[in-house]
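Step one of this worksheet: look at the structure below.
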Amino acid sequence: MAAEPKKIIIDTDPGIDDAMAIFLALRSPEVQVIGLTTIYGNVYTTLATRNALHLLEVAGRTDIPVAEGSHVTLTKGTKLRVADFVHGADGLGNQNFPPPEGKPIEDSAAAFLVQQAKLDPGNVTVVALGPLTNIALAIQLDLEFAKNIGQIVILGGAFAVNGNVNPAAEANIFGDPDAADVVFTSGADILTVGINVTHQVVLTGSDREKLATSNGKFAQYLTKILNLYFSYHREAYNTDGVYLHDPTAFLAAVDPTLVTCMEGSVRVQTSGITRGLTILYNKQKRFGEITEWSNKPTVKVAVTVDAPRVDDTQEEVALDLFILALQAFYSLFNARRRNDTCTTTLPNSSTISNNIFNLDWSRLTSLLKQVSAVRNRLCACSNPLASGRSLNGA
Ligand SMILES: O=c1[nH]cnc2c1ncn2[C@@H]1O[C@H](CO)[C@@H](O)[C@H]1O
């Protein structure tokens with residue numbers, strides 16, 4: 001493990017799964033959260049700022065600055081689509097939390113991003129969990145930004161699968177397709193994790209029950225705000241589980257080997273009925289004519305979670321690890337208390353007791369890889385991209 005924690009800025013529209021990702025980040029020794037920047041998406045920007053400040057106060061991390069982002073799209077559009085039906089009118093599951101005491105810094109999100117990238121060129125990662133307006137503004141504000149920023153890890157897009165706003169578009173890209181197109185073609189080092197991947201990472205109802213039994217501060221907080229998110233998923237997807245979009249993107253930023261990628265140029269449809277559609281050109285076909293994808297910079301698109309070959313004899317072990325890894329994942333939301341033990345019933349009915357609250361990051365990520373491996377084997381993945389060549393050579 002690298003000794004120096006990775007500096008990250010989380011661009012966020014909190015948001016229930018944003019809250020999960022932020023808490024996860026604050027619990028991860030591998031990263032140093034140097035700021036939160038806010039954006040509309042799940043809520044309007046003013047509320048996103050309020051929620052970002054509130055979450056930092058809950059976590060006792062008011063030392064981390066919050067920079068408020070754009071209130072309008074890149075093209076100055078004011079007709080924003082916010083997902084209050086997913087996250088509640090307050091963005092955090094309608095819990096009526098008290099207003100935060102803190103205030104955002106003077107700098108705008110875009111100015112903060114530019115400044116931080118310049119201060120430590122190549123070493124700041126942006127984890128973008130909402131529409132990409134702030135990132136596009138930073139790119140336009142400073143021609144060097146795309147070069148100065150270490151990496152931009154995006155939760156966004158629906159690659160070769162239906163969107164979640166409509167069949168064409170995923171919510172974050174739909175929120176500002178023009179900004180997304182600017183970012184994808186900027187030449188920055190970009191990894192995008194779309195819902196083709198995040199829909200494979202699910203927190204189930206029984207997982208939530210386990211989370212509720214923990215008396216850790218984050219676990220209790222998340223259990224409360226997750227209620228509404230579960231109701232939405234029950235209604236929209238007829239399932240007792242929620243997609244862990246933002247936490248998955250964050251984890252990919254910390255350990256890119258958790259996902260496999262394809263490389264190519266991504267363009268975004270900015271108008272018409274497929275507005276917000278993300279199309280990756282994987283460069284496998286040489287077209288006879290110049291296209292809108294020709295000569296555009298290459299980005300990485302996550303197509304599946306890394307699946308080390310798990311043979312049949314290993315599968316049962318991997319399944320046990322799957323349960324364990326889920327618990328480990330949630331335990332990151334909790335204080336790492338030395339003597340906490342947790343008992344779980346495994347699919348084969350045997351019971352194990354594990355001191356999961358002391359798992360270190362490398363153990364956790366290797367467990368998560370096992371989760372991925374099992375998911376990939378058990379859930380026949382219909383995404384044609386998933387059979388693509390992996391960047392990691394897996
Ligand atoms: O149906 C939806 N409309 C709008 N936003 C959604 C919907 N489902 C999930 N999200 C939110 O958008 C991001 C992932 O696309 C996540 O932040 C998720 O909470």
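Start at 1 and go down the list; that is how both ligands and their atoms are numbered.
Residues passing the side chain to side chain contact (heavy atoms under 4.5 Å, CB included) test with Gln220, sequence neighbours excluded: none. Considering only residues two or more places apart in sequence or on other chains, Asn227 meets the side-chain hydrogen bond (donor to acceptor under 3.5 Å, both in side chains) condition with Arg208.
The side-chain hydrogen bond (donor to acceptor under 3.5 Å, both in side chains) analysis of residues 181-191, with sequence neighbours excluded, yields the pairs Gln151-Asp189, Asp181-Arg267, Asp189-Lys300.
Partner Ile139 forms a side chain to side chain contact (heavy atoms under 4.5 Å, CB included) with one of Asn134, Ile149, Leu74, Val183 and no other, that one being Val183.
With a 6.0 Å radius and a threshold of 12 heavy atoms from other residues, nucleotides or ligands, Asp63 has its CG atom above the threshold. Counted within 6.0 Å of NZ on Lys103, heavy atoms from surrounding residues, nucleotides or ligands total 12 or fewer; the atom is thus considered open.
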Present, as a list of atom pairs with distances to 0.1 Å, all nitrogen or oxygen contacts under 3.5 Å between ligand 1 and the protein.
from, atom 1, to, atom 2, distance (Å)
ligand 1, 1 (O), Asn164, O, 3.0
ligand 1, 1 (O), Tyr232, OH, 2.5
ligand 1, 8 (N), Tyr232, OH, 3.0
ligand 1, 15 (O), Asn164, ND2, 2.8
ligand 1, 15 (O), Glu170, OE2, 2.4
ligand 1, 17 (O), Asp17, OD1, 3.4
ligand 1, 17 (O), Asp17, OD2, 3.3
ligand 1, 19 (O), Asp17, OD1, 3.1
ligand 1, 19 (O), His87, NE2, 2.9
ligand 1, 19 (O), Tyr229, OH, 3.1

